[in-house]
K.L.:
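Please find one structure pasted underneath; my questions will follow.
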Amino acid sequence: MNETLRFEASSREQLAQQFEDSRRNRVLCLEWLASVFAAPPGYDTVVSYRSCELALWLDQLALDPAFSAGIARMQAALDPALDDDTLTARLGIGFGRLFSGIRGRDCIPPYESAFRGDGRLFQVPTAEMEALLVVHNVVIAGGLAEPADHLSVELALLARLIAADHPAARDLQLRIARWVPDFCDTCIARDRLGFWAGAAMVLEAIIDHDARLMQAGARYFIPA
Amino acid sequence: MTSGIGGAALSGHSLLNGGVALVALGGFGPPLLVAAARATSGEGAPRMPSDRHGAAFDAVYAPTRIKHPMVRRAYLEQGAGAERGSRGKGDFVRVSWERALDLVAAELRRVAGVHGSAAVFSGADGGESRGQLHGRPRLLRRLMSLTGVAVAACDAPRAAPWDAAEAGEIKLAYWLGGLLPVAGADRNRLLRLWRSLETCIVQDSHWTPAARRADIVLPTTTSWERDDIECVDDEAGRSLRPIKRLIAPLFESRSDHAIFAALAERLGKGQAFTESRS
């Protein structure tokens with residue numbers, strides 16, 4: 001467990017810089033994961049994942065041993081044998097099958113309500129997250145049209161709180177840790193393409209890391 | 001999608017314990033959260049007088065609700081002449097309501113103009129409203145009769161439109177409710193005829209077999225999400241009572257009335273359809 005708490009620095013300034021870098025990395029990761037689970041990648045995003053900025057992003061994430069298996073699964077899903085159009089369509093179908101309910105009851109609803117109750121959407125967690133968004137003076141961007149307990153909304157809010165070094169980040173991390181691991185496990189088991197299964201592995205690694213830090217008494221992801 | 005790549009110092013440090021590998025990367029698309037311009041409601045789940053009634057909300061709050069207007073990818077790119085092999089495969093693209101309604105109105109106008117209104121097969125099958133205003137057959141007849149783009153088939157014998165489709169006379173199906181392509185003794189025949197149509201439009205609240213096989217899917221509210229009016233004594237018609245909605249429309253769903261009003265507007269009959277009433 002200790003390895004997750006180790007920062008290597010020879011001076012107070014270097015240590016402070018590493019804390020700041022760590023926080024910025026976490027914010028980027030959460031924003032990226034929020035985008036991955038919000039919608040299927042469009043054509044331009046698919047091209048980027050294969051050969052542009054997002055390809056570099058995946059390569060850099062893969063350098064981290066905690067993420068390498070998940071990233072490898074995502075990269076395998078970007079099948080080079082398919083052209084960009086075909087891959088975009090395949091991922092669109094996969095997203096609809098997994099998260100949009102098109103294929104019926106086998107879908108994995110990316111909502112806290114679905115995992116903390118009897119399977120219905122728009123339950124108490126939705127109202128709680130709506131209240132939380134009000135507290136932090138944000139609303140869901142108009143184009144998303146999803147309830148407030150959507151995974152991407154919770155991750156986006158957490159990224160925002162961590163970026164602001166807000167103490168409420170810890171409570172939201174605890175909230176996410178209560179249902180997202182189940183979501184991730186289901187996603188890893190059911191996603192035959194592997195794109196979202198890989199992202200779920202990365203997300204699970206982050207949640208697991210934070211849980212161990214909290215057990216060690218850390219203030220969210222930064223060692224106390 | 002991202003910007004600012006370059007100069008990112010790669011490092012063997014773990015991202016989780018203070019590595020610096022990613023700090024130079026940019027964001028990931030538009031933000032999902034924006035500064036609040038208004039207060040959001042904290043609407044919770046409605047209370048039901050009986051536990052049995054709660055079953056209704058299993059449907060209302062089901063993960064299989066249609067969330068957004070969707071168009072089959074090939075149809076979106078190539079129109080009615082697109083290949084039909086991907087119908088039913090789930091290859092949909094989310095579009096805005098404006099885009100979806102423009103597509104539907106243009107296609108209704110095209111088919112009626114080229115082949116005549118008899119080539120549009122429209123009807124309702126299920127998802128009936130608990131009130132009078134949102135009765136689907138009534139709304140559909142009103143739209144089609146005012147605009148003249150189709151003869152509403154709500155009251156036609158179930159086999160008649162399929163016979164017409166078999167003869168190649170039906171080019172477009174506009175259906176409210178979910179079972180059309182599979183509701184019959186000879187499902188293979190119905191599916192074959194469904195595949196023969198140039199355009200399939202389904203307006204429904206859930207991903208039913210018809211919605212999955214459609215080219216354009218329009219998400220509708222359930223009765224719980226819209227105001228309506230009911231006649232207390234149906235025979236004598238002595239009084240009317242309001243049926244207030246219990247919850248706001250979920251996701252991007254709209255009432256059938258709102259959808260038809262928007263289509264009527266695009267087909268030049270908006271005022272006639274709504275008579276300035278919501």
Side-chain angles (χ1 to χ4, degrees), chain A residues 3-7 18-19 21-22 24-25 28-29 31-32 34-35 38 44-45 48 53-54 56-57 60-61 63-67 89 92-93 96-97 100-105 107 109 114 120-124 127 130-131 133-134 137-141 143-145 152-153 156-157 160 209, chain B residues 1-5 8 10-23 25-45 57-58 60-68 70 73-74 86 89-94 206-207 211-212 247 250-252:
Chain A
E3 76 278 7
T4 63
L5 299 174
R6 189 176 65 247
F7 281 76
Q18 285 189 13
F19 282 175
D21 291 345
S22 177
R24 289 186 62 191
N25 286 343
L28 285 172
C29 256
E31 288 177 345
W32 167 65
S35 73
D44 291 343
T45 306
S48 182
E53 291 94 336
L54 287 170
L56 179 57
W57 167 256
Q60 294 195 59
L61 282 177
L63 295 174
D64 192 310
F67 298 154
I93 294 170
R97 177 182 289 126
S100 298
I102 293 175
R103 285 290 170 181
R105 294 174 60 88
C107 77
R120 295 177 189 165
L121 311 186
F122 291 90
Q123 300 302 300
V124 171
E130 284 175 350
L133 295 183
V134 171
N137 201 34
V138 290
V139 293
I140 299 168
L144 188 61
S152 295
V153 174
L157 180 60
R160 203 177 176 98
H209 170 267
Chain B
M1 182 125 182
T2 61
S3 59
I5 297 285
L10 295 179
S11 162
H13 289 200
S14 167
L15 175 67
L16 294 172
N17 69 4
V20 295
L22 304 170
V23 294
L25 288 168
F28 299 97
L32 298 174
L33 298 174
V34 296
R38 61 176 172 76
T40 56
S41 68
E43 213 166 35
F57 287 99
D58 289 338
V60 174
Y61 292 126
T64 51
R65 284 289 299 263
I66 301 171
K67 301 174 186 176
H68 317 289
M70 305 285 270
R73 185 183 308 274
S86 63
K89 306 289 188 192
D91 188 11
F92 288 102
V93 176
R94 177 179 167 183
H206 291 73
W207 282 106
R212 291 176 204 165
I247 54 174
L250 300 187
F251 301 105
E252 286 192 282

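Hydrogens, waters and symmetry mates play no part in the numbers below; they use all other heavy atoms, side chains included. To find a chain, count down the sequence lines: A is the first, B the second, and so on, and within it residues start at 1.
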K.L.:
If I compare all heavy atoms of D91(B) with all of A89(A), which pair ends up nearest, and what's the gap?
P.N.:
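In terms of heavy atoms, the two residues are closest at OD2-CB, 3.6 Å.
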K.L.:
Measure H68(B) against the heavy atoms of chain A and call it side chain, backbone, both or neither at under 4.5 Å.
P.N.:
side chain
K.L.:
How many angstroms lie between atom CH2 of W207(B) and atom OG of S100(A), to the nearest 0.5 angstrom?
P.N.:
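Taking CH2 in W207(B) and OG in S100(A), the distance rounds to 7.5 Å.
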K.L.:
Using every non-hydrogen atom in the two residues, find where R103(A) and R212(B) come nearest and quote the distance to one decimal.
P.N.:
C-NH2, 4.1 Å
K.L.:
Between M70(B) and I102(A), what is the shortest heavy-atom contact and its length?
P.N.:
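Shortest heavy-atom separation between M70(B) and I102(A) comes out as CE-CD1, 4.4 Å.
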K.L.:
By a 4.5 Å heavy-atom criterion (distance strictly below it), what part of R65(B) contacts chain A: side chain, backbone, both, or neither?
P.N.:
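Contact with chain A is through the backbone of R65(B) alone.
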K.L.:
Quick one: closest heavy-atom pair of D58(B) and R120(A), and the distance?
P.N.:
OD1-NE, 2.6 Å
K.L.:
Rounded to the nearest 0.5 Å, what separates atom CZ in F251(B) from atom CG in L144(A)?
P.N.:
10.0 Å
K.L.:
Contact part of A145(A) toward chain B, heavy-atom cut-off under 4.5 Å: side chain, backbone, both or neither?
P.N.:
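For A145(A), the contact with chain B is made by backbone and side chain together.
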K.L.:
Name the member of A62(B), G90(B), P63(B) that forms the most heavy-atom pairs with chain A at distances under 4.5 Å.
P.N.:
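Heavy-atom pair counts peak at P63(B).
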